[in-house]
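Quick notes on the structure that follows.
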2 protein chains.
Amino acid sequence: MQGIKPSMRSPLGREIPDQVDPVLEELVRGIIAQVADKWTMLILEVLEEHGTLRFTQIGKLTEGISQKMLTQTLRQMERDGFVSRIVHPVIPPKVEYSLTELGHSLSAAFCGVWEWAAARHADIEAARRAFEARNRAD
Amino acid sequence: MQGIKPSMRSPLGREIPDQVDPVLEELVRGIIAQVADKWTMLILEVLEEHGTLRFTQIGKLTEGISQKMLTQTLRQMERDGFVSRIVHPVIPPKVEYSLTELGHSLSAAFCGVWEWAAARHADIEAARRAFEARNRAD
DNA sequence: CGGAATCCTGACAGATACTG
DNA sequence: CAGTATCTGTCAGGATTCCG
């Protein structure tokens with residue numbers, strides 16, 4: 001009886017109810033889906049590494065992103081409180097982005113998944129090769 | 001100089017190189033994208049909670065999944081070594097799925113993100129309301 | 001410079017039908 | 001029961017153009 005929801009295995013002794021509010025669950029799932037998004041993760045990393053950056057700079061540092069997705073992703077991250085967006089009313093425009101405390105904490109939370117993936121990727125690759133071999137045999 | 005990659009902030013003192021192999025990075029990113037997939041996460045949870053299950057049972061317990069996506073997702077998870085698939089050669093067919101050790105460890109790895117999301121969802125919702133209010137004002 | 005608006009396509013999800 | 005095959009629609013996301 002263990003689940004990926006912390007309510008069922010939380011090492012902290014906190015009294016999280018076993019029956020998680022389905023509304024909360026749905027919300028949390030949505031949040032995870034968003035933060036696990038390709039561009040969100042990349043931008044998160046770029047901002048972690050470089051601190052405050054301007055729009056175009058993020059675009060250059062985020063390999064392969066289109067202007068549309070950059071705008072869209074940054075908006076979403078701003079909306080969720082992960083990045084702060086400061087507009088300097090000058091000509092030409094200057095907009096600076098940086099991670100909020102919430103953004104940094106998100107980054108830290110994902111660190112565990114990164115460590116897991118880095119530690120186990122060899123097992124995954126092995127599993128894939130084994131799977132290939134199995135299916136080639138029939 | 002901090003990133004979401006553990007190489008830059010790993011609390012464990014292990015000697016992970018600061019310059020992560022870009023190939024590995026791409027792989028890890030792909031893995032995360034997959035495991036963060038909606039159905040993958042749901043099935044992961046269902047199997048954690050119920051142990052070994054048959055194809056149809058997983059379908060019933062995974063609200064809203066189509067039979068196509070169930071097959072597809074289970075195949076992928078089997079390919080990556082997260083679930084084992086045992087076919088009993090009887091009539092009618094009987095196929096049993098269960099998590100492997102790798103699957104359980106994946107589940108555990110994501111627990112941290114769940115805890116983060118559960119702990120911080122109020123902040124995110126507040127940020128969203130503030131964002132709404134801000135944009136309503138102009 | 002930092003976007004917004006528009007158009008377009010291809011990948012992927014859902015529904016349906018068939019099968020060992 | 002546990003799939004496969006096929007068709008179709010939707011929609012995320014790229015390219016392009018324009019604007020304060």
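For the numbers below, each heavy atom of this structure counts, side chains included, while hydrogens, waters and symmetry mates do not.
Among residues at least two apart or in separate chains, salt bridge (Lys or Arg N to Asp or Glu O under 4.0 Å) pairs with a member in residues 98-113 of chain B are A/Arg120-B/Glu101. For residues 54-64 of chain A, the set of pairs meeting the salt bridge (Lys or Arg N to Asp or Glu O under 4.0 Å) definition, not counting sequence neighbours, is empty.
Hydrophobic clustering (ILVMFWY, side-chain heavy atoms < 4.5 Å, transitive): A/Val87 and A/Met77 are in one cluster.
Here B/Ala109 pairs with A/Trp116 under the side chain to side chain contact (heavy atoms under 4.5 Å, CB included) rule; sequence neighbours left out. Remark: B/Thr40 pairs with B/Asp37 by the side chain to side chain donor-acceptor pair (under 3.5 Å) rule, at least two apart or across chains. With sequence neighbours excluded, the residues forming a side chain to side chain contact (heavy atoms under 4.5 Å, CB included) with B/Ala36 are A/Ala36, B/Phe110, listed by chain and number. Shown here are the side chain to side chain donor-acceptor pair (under 3.5 Å) partners of A/Ser98, two or more places apart in sequence or in another chain: A/Ser84. Partners of A/Gln76 by side chain to side chain contact (heavy atoms under 4.5 Å, CB included), not counting sequence neighbours, listed by chain and number: A/Gln34, A/Arg79, A/Asp80. For A/Glu125, the side chain to side chain donor-acceptor pair (under 3.5 Å) test picks out no residue, with sequence neighbours left out.
Note: CD (A/Glu96) to P (C/dC1) measures 14 Å, nearest angstrom. Regarding A/Arg75, its CZ atom lies at a distance of 9 Å from the C1' atom of C/dA4, rounded to whole Å.
With the nearest nucleotide of DNA chain C identified for both A/Pro92 and A/Thr71, A/Pro92 has the one nearer the 5' end.
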- line: Whether each nucleotide of nucleotides 9-20 of chain C has a protein heavy atom under 4.0 Å at its base (B), only at its sugar-phosphate (S) or at neither (-) is summarised, 5' to 3', as ----BBB----B

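Shortest non-hydrogen contact noted between A/Glu45 and A/Trp114 is OE1-CZ2, 4.1 Å.
First and last contacting nucleotides of DNA chain D toward chain A (any atom under 4.0 angstrom from a heavy atom, 5' to 3' order): D/dG13 to D/dG20.
Taking OG1 of A/Thr62 as the reference point, atom CG of A/Leu47 lies at 7.5 Å (rounded to 0.5 Å).
The phosphate of C/dG3 (OP1 or OP2) has a side-chain N or O of A/Tyr97 nearer than 4.0 angstrom.
B/Glu78 has no carboxylate O lying under 4.0 Å from a charged side-chain N of A/Arg128, or vice versa, which leaves the two without a salt bridge.
Contacts with DNA chain C (heavy atom under 4.0 Å) in residues 53-62 of chain A: A/Arg54, A/Phe55, A/Thr56, listed by number.
Using modelled atom types and a 3.5 Å distance limit, the side chains of B/Glu48 and B/Ser107 yield a donor-acceptor pair.
Taking the C1' atoms of five terminal pairs at each end of the helix from C/dC1-D/dG20 to C/dG20-D/dC1, the two resulting helix axes are inclined by 50°, rounded to 10°.
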